[in-house]
Amino acid sequence: MRKLKLNKESKKDLLDTLLKRSPNHYRSYEGQVAEILNEVREKKDMALFEFTKRFDGASISAATIQVTQEEIEEAYTLVEPSLIEVIKKALVNIKAYHEKQKQYSWFDSTTQGTILGQKVTALSKVGVYVPGGKAAYPSSVLMNVIPAKVAGVEQIFMTTPPNRDGRVNPATLVAAKEAGVDCIYKVGGAQAIAALAFGTESIPKVDKIVGPGNIYVALAKKAVYGYVSIDSIAGPSEILVLADETANPRYIAADLLSQAEHDELASAILVTTSEKLADEVSKEIDGFLEILSRREILEKSLENYGYLLIADTIEDAIDITNEIASEHLEIVTKDPFLTMTKIKNAGAIFLGEYSSEPLGDYFAGPNHVLPTNGTAKFFSPLSVDDFIKKSSIISYSKEALAPIEKDIIQFAKAEHLTAHANSIKVRFE
């Protein structure tokens, strides 16, 4: 990791470097993604089968593309019972948290004869993308499906890439069953996004697509936005720890590495007012690298996007923290709650030395689908709000409309929209 004294120049260089990780900087892949989307849009299932054979090495057909009930039941026998219990416990926490986010329709009437309101309606069909391949992400299933279920989405369809035998990871299937997914399809990559966006003979078109994926998935979601809604275009994972001299360097080192192990583009940053703490964290990281399994990925991630930033004051540390707007922010200061009040931009905020980032990834309840690459300045975590839409309700009686007739007509004429004006005028002729 690079240790830098925080100043105007180092701050600019850091922000420029971190932005290079954004999916927007990988436009060389857009042509290939566009070809895949067009193929699926035109050839539908046939294209899905061809791409799955080419990219995943699996032979699927109309008869095998959907995961069967028998495959789900078998998955329960292949997953450790203790893991199934953990999945169920996490599900309870995640559901309880998201139920507090529910919104309801409301109406407000007056004695003058007006009714204004808002009608909240859940989306009808949602597609959830779950990464597959060498890794399994049952936590991603829970985080994407449960808020949709809480919102009241009618049908949830999940796509995930199969292995070469045409099978889906058992833990992923168990999580999907527990969360309440309606149908699971053995398709991954940009082709799965295309299928959900446009529909095929086997996979229905949905209203919205959510869930993380590789660069092809991210760019595919970006390309189909407008045909369907999407949650966000996720970039590589990132963590920022804001700490002072009271922090435990061993805990911080462990937490930084918990995100650096995701991939070589992951970012792990410590911002502190204590150079002594930074040096101790660096030593602890070296020790952990000797024993952790994903050492090669960890070392490349830390080499490219790992930083130990030394700030002169806590105010400077907070300023750069808000500028970076990290996906995960841990605050380990003498009074983390007070520090938190000065934070404006972060996906998820973890307070105190026992609130480590993996707690949020798996178990606490808040969603782990978070804004990345500085987008926490204007985006929020995935929530129940992502699976509803709102309609405005307007009702006026003639008696309520009469006093404002001339006001509306004047407004319409000011915009040279005479038909608008006429629509009001004819009601009082």
Side-chain angles (χ1 to χ4, degrees), residues 75-76 79-102 128-132 135-151 156 158 160 169-181 210-212 231 234 237-241 248 250-262 266 268 288 292-294 326-332 336-337 340 346-372 376 380-387:
Y76 275 81
V79 177
E80 288 286 339
S82 58
L83 177 57
I84 296 176
E85 286 306 308
V86 170
I87 289 173
K88 290 181 177 180
K89 289 179 181 178
L91 190 153
V92 170
N93 293 343
I94 298 165
K95 183 178 180 183
Y97 180 87
H98 287 85
E99 281 180 337
K100 293 180 174 64
Q101 298 176 335
K102 287 188 71 172
V128 175
Y129 185 89
V130 177
Y137 297 100
S139 62
S140 183
V141 177
L142 300 181
M143 292 294 181
N144 283 278
V145 174
I146 292 172
K149 294 292 289 187
V150 170
I156 301 175
M158 189 178 101
T160 188
N169 182 276
T172 298
L173 293 183
V174 168
K177 176 65 175 179
E178 293 294 327
V181 173
V210 301
D231 51 350
S237 189
E238 54 200 31
I239 184 172
L240 187 151
V241 179
N248 185 316
R250 187 168 178 81
Y251 295 172
I252 292 175
D255 293 356
L256 291 172
L257 292 170
S258 74
Q259 290 308 291
E261 77 170 341
H262 271 293
F288 281 129
L292 294 173
S293 62
R294 295 166 69 88
S326 185
E327 176 187 19
H328 306 100
L329 168 62
E330 290 188 6
I331 301 178
V332 195
F337 284 88
M340 180 268 293
I349 303 174
F350 301 78
L351 302 175
E353 64 181 8
Y354 290 100
S355 305
S356 63
E357 188 279 334
L359 174 67
D361 268 355
Y362 298 117
F363 211 78
N367 211 287
H368 78 197
V369 181
L370 303 166
T372 58
S380 304
L382 190 73
S383 72
V384 171
D385 290 348
D386 287 286
F387 300 99

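- Nearest heavy-atom pair, Pro212 versus Asn144, reported as atom, atom and distance to 0.1 Å: CD-ND2, 3.9 Å.
- With rounding to the nearest 0.5 Å, the separation of CD1 in Ile252 from CD in Glu353 is 9.5 Å.
- For Ile239 against Asp255, the heavy-atom pair with the smallest separation is CD1-O, 3.5 Å.
- Taken to the nearest 0.5 Å, the CG atom of Asp361 stands 7.5 Å off from the OG atom of Ser258.
- By the 4.5 Å heavy-atom criterion applied to side chains, Val181 and Val128 are not counted as neighbours.
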Full working for side-chain contact (heavy atoms from CB on, under 4.5 Å) between Arg250 and Phe288
CA-CA 9 Å; Arg250 187 168 178 81; Phe288 281 129; 3.8 Å; yes
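- Considering every non-hydrogen atom in both Ser355 and Phe350, the closest pair reads O-CB, 3.0 Å.
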Apply side-chain contact (heavy atoms from CB on, under 4.5 Å) to residues Thr172 and Val130 and explain how you reach the verdict.
CA-CA 8 Å; Thr172 298; Val130 177; 4.1 Å; yes
Could you please spell out the steps behind the side-chain contact (heavy atoms from CB on, under 4.5 Å) verdict for Gln101 and Val150?
CA-CA 9 Å; Gln101 298 176 335; Val150 170; over 6 Å; no
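- You'll find the side chain of Asn248 stays beyond 4.5 Å of the side chain of Val332, heavy atoms only.
- To the nearest 0.5 Å, atoms CD1 (Ile146) and NZ (Lys95) are separated by 8.5 Å.
- Scanning both residues, Ala148 and Ile156, for their nearest heavy atoms gives CB-CD1, 3.8 Å.
- Residue Tyr354 comes nearest to Leu359 through the heavy atom pair O-CD2, 4.5 Å, listed as atom of the first residue, atom of the second, then distance.
- In this structure, OG1 on Thr372 lies 5.5 Å from CD on Glu238, to the nearest 0.5 angstrom.
- Under 3.5 Å, the side chains of Ser356 and Glu330 contain no donor-acceptor pair of N or O atoms.
- No more than 12 heavy-atom neighbours from other residues, nucleotides or ligands sit within 6.0 angstrom of OH on Tyr362.
- The structure places CG of Leu370 at 8.0 Å from NE2 of His368, a figure rounded to the nearest 0.5 Å.
- Under the 3.5 Å distance criterion, the side-chain polar atoms of Asn367 are matched with a main-chain donor or acceptor of Met143.
- The distance from the OG atom of Ser326 to the CD atom of Glu357 is 9.5 Å, given to the nearest 0.5 Å.
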Starting from the C-alpha separation in whole Å, work towards a yes-or-no answer on side-chain contact (heavy atoms from CB on, under 4.5 Å) for Val369 and Val210.
CA-CA 9 Å; Val369 181; Val210 301; over 6 Å; no
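- The nearest pair of heavy atoms linking Asp386 to Leu382 is OD2-CA, 3.4 Å.
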